[in-house]
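Here is the structure we will look at.
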Amino acid sequence: MAGDRAELLRGTLDMLILKTLSLEPLHGLGISRRIEQITDRVFRVQPGSLFPALHRLEQEGWIRGRWGESENRRRAKFYELTAAGRRRLGEEKRNWTQVVLAITKIMEAT
Amino acid sequence: MHISTRFRSVFASLFRKAELDRDLDEELRSYLDLLTEEKIRAGMAPEAARRAARLELGGVEQVKEKVRENRLGAAIDTLLQDIRYALRILRKNASFSIVSVLILAIGIGANTALFSNIQAVLLRPIPFAEPDRLVVGQKTIDGRRSGTVSRIDYFDYRELGQSFEELAALANFTQEFTVMGGGRPELVEASYVTWNLFPALRVRPVSGRNFLPEEEAQDGLQIVLVSYGLWERRFGGSPDAIGNTIDIEGSPYTVVGVMPRGFRFLFDADIWFLVDRFGPFDGERDSHSHLLVGRLKPGVAIEEAQSEADAISIGLAQQYPDSNTGKGLLLTGLHSHMVRDVRLSLLLLMATTALVLLIACGNVAGLLLARGERRQSEMAMRSALGASRHRLMRQLLTESVILTVVAGLLGVVIAYMLQDVLLRLLSIEELGVGRPLIDAKALVFTLVLSILTGLLVGVIPALRGAATQPAQQLGSATRASPSLRSTRLRSGLVVLQVAVSVALLIGSGLLIRSFAQLTTVDLGFEPENLLTGRLKIPAAAYPTREERAEFFTSLLDEIEALPGVTSAGLVSRLPILSPAQDWGVWPAEEPEPTLQESFSPMVRWVSPGYFRTIGIPLQSGRDISRSDLANSPFVAVLSETTARTVFGDADPMGRLVHIGWSDREFEVVGVVADARLNSLRRGPDAAAYMSSAQLGATRLQLAVRTSGEPTLQAGAIESLLRRKDPDVLLSRPASMELALDDQLGDFRIVIVSLALFACVAMLLTAIGLYGLLTYQVSQRGNEFGIRLAMGASNAALLGMVLKMGLVLVGIGLFFGLLFAYPSTLLMRRMLFETPPLHPATYAGAIGFLGLMAALACLLPAWRVTRVDLVEVLRSE
């Protein structure tokens, strides 16, 4: 994992995880595959960043982990969004939109 | 996030650690399984798929470590782990730990002891409600503080000022009175206060009432407030005391109230008299003897009150130019007024102990650095096993903080012992505070200090220790070569230590010299074998001046007849013990000079034989004699400086002078030498002496010259007095020499402690220097061996090591001198006849430190010459 990309991810990883989980509960590998898929493999989330982030989010009370069975009947820990997590995602989205708009304006200014 | 959630998760990560770890393990295993499965489905062989998945997952331990660090509450968890680990390490390096703890404990202990003193004297709030609003007012002449305020001026300030809730006044002295009747007579101190002093302080009598505002204007009212102690002694603590009378030197005074137990304000007193509005005492604008005490209105700053007082002063000066031109009122906080004498000493000591602690920190930091060198491979190993740099640093800091906290605990014990020693050696009670306690505040101070010390000591070694390059370290040979940077850091620490020590040595050297000067100063009188005490005859029993003179004259005769007594004399105020009281003196033929132009020497009234007894030499003319009585012309004896200032070169003998406000003229009959009357520190005082018999004094101080130990005569004099008049008591009998010794008490505290601390600092510095050189020599054993093998002489090696050490000492001395000069300027006020740049002191300090440093260098240098050549070369 390149250092630059990790830095980029660190700020936004929480948001991407929350967004991914807002669609359906997923286990760890499922989350990283979903993020890769959606971003056309621009972002690859390595376990070294994924698990600390998941545990942090769980302790913040935004997601909840539950042991369940995968599609192939394997035991796996599935994470789902809590109500607080849904609110949090809303906030992050608004902030993100503002940041993107602001940066775009700067970059397009001549 | 809710507090409850946070609490739960802290709780969980502490107590459900194992469960959470198991859960994480399982989660990672399932992740690996899912990943492997994914790869098999994509067409890889099972074995290859598992290997690829493992690779993708990366270091399982590192992932786990990161997750753990992310857990809320993990901080506490890792802290406990760090502490456990640190304790193990420290136990394994017992000698290192013990040395460090001892060094730091001395530093922390000294600081704690001093802190509890500072707290008792400077920080503890004065025991009155809202003390910040209390201020003290003193007179200024042309802007310079010059002491007490005129009572008449006070009433103007009180009536015109708007800044004060209450502006009160009290006489800046106490007077002794004999309480009589009901058995034993008793001498008590009385303080004079205005009716609103106690309301200003927010102190109420525990029984009865305060003085009333309207009582101030009633002339001749005989009422008093009494202390709790006097109430118990005289009235058995009975409530009937209120409204009852107490016999003060033959006059009945009505007790209106009893002050709370232990109440004291600026002076010890058992009786408080009311300062009345129209009384004769201090009844002129140019007679000053009161101290103003005010409580500011809420929200009024002292600066506002000051500018108001300035405006009133200007108004008074215009209205009464004769007495008030150039006169002002200076307001200061009550607390800073009360502690002004000890503040500098205590702050100086605190700064000193802080510096000693800094030096101790230098030593321990040096030790930690040296040990860090040897632990580099351990650090590298832990780093490779997944510990982050952050984590390693925290680990190292935990170790040093544990060291210092243990040192802090030991330091409290040391502080306790140190205080006992200080208290026994010196008289801190003389400062007017109780025995300083090491209380909860001091303990908190020690704890905070310990932790800060731990961080200070540990941060550089921790930064260095955590910055390891695992690959390089693990790959290289196990023996660590001395790191240049670490050595340079330790050298820097030694330079700092030398600099601080030499500055401390210079400071204490200057103070010691000042002390020596003070104890050998020529007082102008002879304090050896001199008994002092106070006498008071009841004015009512001896109404005329003749009767009083007769009593005192016959008393002196009887005392001089005692075996072992050489001579005896009486004086209104003994030198040093009773300072102050200066009046204007001017030639009788001239008009009274204005306040600014006036010359005001100390005034005293004395008995015949006083000068001979106290040892002030008569220079010309005659002593006050027994024939100078109430009905003969009034006479005065001037001191040298007074005579010269008033009359210039003209012969003063037979000339007439005015002394003070009275209209009387005094004929100059003699001239005596100047003597120190006010303080040991200031120079000899100009003085004017009158005859106590002619003034009809009832209150006098006794001086008795003895041939042996003076205090042994006190009993004989007391029984003599009992036979002569049981109502006349001798109070405070004391040896002049001991009393003067007490005067130097607080100065001695400073000196002894400072000298002690300077020596500790120097010792610690020498240890630091010794440690550094020994370490360097041991690290460079090979090099020295090779040099020897190549033919270097022992002397050359010795010189090399000595040079290494002495260069550091030289640099340290240089910085120390740069640092010492400005700091000695700060303590100039404490110096006595010693310039801040006293060359002998500087040379002595440098020489002393240089000698110690040379000794500290010599031992490791000598060790180099004992290097066993064969041993060194074989081990290579």
Side-chain angles (χ1 to χ4, degrees), chain A residues 1-3 5-6 9-10 13-14 17-18 25-37 41 44-80 82-85 87-88 91-92, chain B residues 1-14 16-17 19-42 49 52-75 77 386 388 390-391:
Chain A
M1 180 167 60
R5 210 150 43 158
L9 272 175
R10 196 163 290 161
L13 183 59
D14 287 3
I17 292 174
L18 290 177
L26 286 169
H27 52 65
L29 184 63
I31 294 169
S32 56
R33 290 290 175 262
R34 181 65 55 85
I35 290 175
E36 274 176 47
Q37 204 180 341
R41 305 199 161 243
R44 296 177 59 101
V45 186
Q46 301 291 356
S49 334
L50 179 68
F51 284 103
L54 282 176
H55 282 256
R56 191 173 56 242
L57 292 175
E58 187 175 15
Q59 259 166 346
E60 295 283 351
W62 294 330
I63 62 176
R64 187 163 43 225
R66 261 195 207 132
W67 286 97
E69 270 189 7
S70 73
E71 34 310 9
N72 313 320
R73 313 193 65 71
R74 280 208 176 272
R75 227 170 101 74
K77 198 170 184 182
F78 282 78
Y79 292 91
E80 63 185 15
T82 63
R87 276 197 299 279
R88 176 73 193 172
E91 280 167 38
E92 295 241 346
Chain B
M1 141 173 238
H2 292 293
I3 294 294
S4 61
T5 325
R6 189 179 292 269
F7 189 75
R8 251 204 319 279
S9 69
V10 168
F11 184 80
S13 59
L14 268 180
R16 293 176 40 225
K17 184 170 166 6
E19 191 183 324
L20 285 171
D21 273 353
R22 246 194 331 275
D23 199 62
L24 182 60
D25 268 343
E26 208 171 323
E27 189 176 2
L28 287 173
R29 210 173 311 127
S30 110
Y31 182 93
L32 195 66
D33 288 347
L34 288 167
L35 201 58
T36 314
E37 206 166 297
E38 191 186 74
K39 292 192 188 302
I40 293 174
R41 251 186 312 185
R54 241 212 198 113
L55 217 57
E56 205 178 311
L57 181 58
V60 177
E61 285 310 309
Q62 257 135 343
V63 173
K64 271 159 72 175
E65 183 70 12
K66 272 190 182 166
V67 171
R68 279 192 213 115
E69 288 203 354
N70 254 299
R71 274 192 203 136
L72 253 176
D77 194 31
S388 64
H390 178 66
R391 181 68 201 275

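In the text below, chain A, chain B and the rest are named by the order of the sequence lines, each starting its count at 1.
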Q.
Quick check on A:Trp67 against chain B: is it the side chain, the backbone, both or neither that has a heavy atom closer than 4.5 Å?
A. side chain
**Q.** Region of B:Glu56 that comes under 4.5 Å of a non-hydrogen atom in chain A
**A.** both
Q | Verdict with supporting geometry, B:Asp23 and A:Lys77, salt bridge (Lys or Arg N to Asp or Glu O under 4.0 Å) | A | CA-CA 9 Å; B:Asp23 199 62; A:Lys77 198 170 184 182; 2.6 Å; yes
**Q.** Flag side-chain contact, heavy atom, 4.5 Å: B:Leu35 against A:Arg33
**A.** yes
Q. Rounded to the nearest 0.5 Å, what separation is found between the CG atom of B:Leu24 and the CZ atom of A:Phe51?
A. 7.5 Å
Q. Are any of the side-chain heavy atoms of B:Arg29 and A:Arg75 separated by less than 4.5 Å?
A. no
Q) chain A heavy atoms under 4.5 Å from B:Glu38: which part of the residue, side chain, backbone, both or neither? A) side chain
Q | Which atom of A:Ala76 lies closest to which atom of B:Ser30, heavy atoms considered | A | CA-OG, 3.7 Å
Q: Give the minimum heavy-atom separation between A:Gly28 and B:Tyr31, together with the two atoms involved.
A: C-CE1, 3.9 Å
